[in-house]
Amino acid sequence: MDLPDDCLFFIFQCLDSCSDRESFGLTCHRCLRIQNLSRRSLQFQCSFTQLDISSLSHSSITINSSHVHRLLTRFQHLHSLSLSGCTHLPDSSLSHLASYGSKLHTLRLDCCFGITDNGLSVVATSCSSLQVISLYRCQITDSGLESLSKSCSILKDVNLLYCHAISDSGLRALSQRCRQLQAVKISNCKGAAGIGFQGCSSTLAYVEAESCKLDPEGISGIVSGGGIEYLNLSGLIWHKGGTGLGIIGRGFALRLKILNLRMCRTVGDESIVAIAEGCPLLEEWNLALCHEVRIVGWSSIGANCQKLEKLHVNRCRNLCDRGLEALRNGCKQLSILYMNGCVKVTPTAVELFKCYRGDVTIKVEERMCIGPMWPLR
């Protein structure tokens with residue numbers, strides 16, 4: 001074949017389907033080399049895109065350091081690498097990134113139980129261009145986050161779900177050094193009170209903190225950058241017996257569009273009023289199982305949430321006919337009301353709501369997750 005490599009690269013890039021690209025690589029050794037050098041993403045067979053811990057038991061292949069080394073040697077220009085589900089992979093396997101990780105933008109290590117702070121330190125020094133990292137259920141601590149934040153300053157998305165050993169110290173390192181952060185997930189990280197987010201960048205728009213033990217000061221820290229658009233505080237556990245959710249509505253969450261307070265059973269009218277008045281762009285609000293919201297709170301939502309499109313009130317014990325009437329008369333953009341198990345709402349009130357608000361669909365289903373998935377890119 002007399003064509004120069006540049007022409008072969010161009011031909012390869014013009015192939016749309018995976019099968020055509022695989023066939024191209026089988027043509028000859030030169031074409032295989034072109035195919036290898038052109039590959040930008042790699043995901044092992046045992047990897048998973050949806051975080052389902054049960055899927056790990058079905059993996060029939062054990063990935064070891066040798067596999068990682070051979071594949072990184074073959075595919076030297078990767079932008080995205082997923083080792084998720086490689087449960088037995090040790091820290092030493094990541095040493096190969098020192099030679100081939102400089103171009104990586106995305107790294108997924110979900111459920112890599114053998115990866116510790118030592119491995120994360122290798123990632124930090126080897127992958128300075130990293131923008132997205134997912135560490136779901138990894139055995140890492142604040143020390144690992146410290147290393148990561150020092151070397152990977154352009155990080156945008158960080159997934160720390162179920163990383164039980166991290167605290168506000170690690171979050172502070174990330175939020176202060178990585179000033180392009182857009183999304184952080186810390187759900188079930190009960191060692192973090194949230195104050196590590198204080199002074200975060202205005203780019204931080206997405207935070208998941210489900211079932212976390214937060215302080216009022218921690219919530220203030222999460223919204224302190226002023227750019228928050230999505231906030232999930234469902235199942236909130238107050239770290240010191242606080243009740244200060246109203247701080248969300250006191251000036252720093254003006255861009256907030258989606259708020260999940262499901263199962264925040266102690267949130268009361270004072271906080272609801274503050275949020276309703278202080279977050280004018282709210283489009284979806286989950287208040288399912290918020291039993292302390294009463295007529296004052298529902299009336300404030302009706303009067304102030306003029307951009308609200310979806311509202312979840314499932315099993316709210318103190319939503320009554322008057323509260324439903326307040327929602328009916330307000331919330332002019334409301335299109336979906338998720339409602340079931342509200343024992344103080346009579347069938348007559350529901351029928352009146354349907355009569356006056358034919359533009360609103362009442363759904364009896366209860367949704368735990370709302371808003372965008374914000375996929376790790």
Side-chain angles (χ1 to χ4, degrees), residues 5 9 25 29 32-49 59 61-160 163 165-166 169-171 173-174 176-181 184 376-377:
D5 283 356
F9 271 111
H29 287 292
L32 179 60
R33 185 174 65 85
I34 297 296
Q35 180 193 24
N36 292 341
L37 294 176
S38 298
R39 191 178 187 107
R40 295 295 178 261
S41 65
L42 178 64
Q43 175 174 308
F44 287 93
Q45 184 178 352
C46 61
S47 294
F48 48 90
T49 52
S59 299
I61 300 176
T62 299
I63 304 298
N64 57 37
S65 295
S66 176
H67 294 124
V68 174
H69 179 251
R70 290 203 303 270
L71 287 168
L72 288 179
T73 303
R74 178 179 174 184
F75 306 117
Q76 299 182 13
H77 299 282
L78 293 175
H79 290 172
S80 175
L81 173 63
S82 176
L83 299 172
S84 298
C86 299
T87 56
H88 301 291
L89 209 60
D91 286 330
S92 58
S93 64
L94 299 180
S95 63
H96 310 303
L97 291 175
S99 301
Y100 308 112
S102 62
K103 296 182 176 65
L104 273 183
H105 294 168
T106 300
L107 178 63
R108 297 181 175 90
L109 298 172
D110 303 315
C111 293
C112 291
F113 303 131
I115 301 301
T116 68
D117 291 338
N118 294 329
L120 199 55
S121 179
V122 172
V123 170
T125 56
S126 305
C127 310
S128 59
S129 298
L130 206 60
Q131 297 181 23
V132 178
I133 188 165
S134 187
L135 298 166
Y136 170 74
R137 289 186 183 271
C138 284
Q139 308 301 310
I140 55 118
T141 70
D142 292 335
S143 176
L145 295 184
E146 184 83 19
S147 300
L148 194 66
S149 65
K150 285 180 179 178
S151 300
C152 302
S153 60
I154 62 171
L155 275 172
K156 294 181 178 178
D157 290 11
V158 181
N159 183 355
L160 300 171
C163 293
I166 69 165
S169 176
L171 294 179
L174 283 176
Q176 295 303 311
R177 295 191 180 121
C178 305
R179 303 303 288 178
Q180 298 181 45
L181 269 182
V184 179
L376 294 172
R377 292 178 290 277

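Please read all numbers here as calculations on a predicted model, not as lab measurements.
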Under the side-chain contact (heavy atoms from CB on, under 4.5 Å) rule, what do Arg108 and Ser80 come out as? Steps first, then yes or no, please.
-> CA-CA 8 Å; Arg108 297 181 175 90; Ser80 175; 3.7 Å; yes

Cys152 versus Cys178, closest heavy-atom pair with distance = O-SG, 3.5 Å

Taking all atoms of both residues into account, what is the closest heavy-atom pair of Leu89 and Ser93, and its distance?
-> CG-OG, 3.1 Å

Non-neighbouring partners of Leu78 that pass side-chain contact (heavy atoms from CB on, under 4.5 Å), sequence neighbours left out | Arg39, Leu42, Leu72, Phe75, Leu81, Leu104

I'd like to check [X] versus [Y] (side-chain heavy atoms, cut-off strictly below 4.5 Å). Are they in contact?
{"X": "Val184", "Y": "Leu174", "value": "no"}
{"X": "Ser65", "Y": "His96", "value": "yes"}
{"X": "Leu171", "Y": "Leu160", "value": "yes"}

Who are the ring pair (Phe, Tyr, Trp, His ring centres under 6.0 Å) partners of His79, not counting sequence neighbours?
-> His105

side-chain contact (heavy atoms from CB on, under 4.5 Å) evaluation trace for Asp91 with Ile115 | CA-CA 5 Å; Asp91 286 330; Ile115 301 301; 3.9 Å; yes

Tested for side chain to side chain contact (heavy atoms under 4.5 Å, CB included) against Leu94, the lone hit among Leu83, Leu107, Asn118 is Leu83

Pairs where residues 140-150 contributes a residue and the test side chain to side chain donor-acceptor pair (under 3.5 Å) is met, not counting sequence neighbours = Asp117-Thr141, Asp142-Ser167, Glu146-Arg177, Ser149-Arg177

Start with the C-alpha gap between Ile140 and Leu148, add the side-chain angles, then the distance that decides, and say whether side-chain contact (heavy atoms from CB on, under 4.5 Å) holds.
-> CA-CA 11 Å; Ile140 55 118; Leu148 194 66; over 6 Å; no

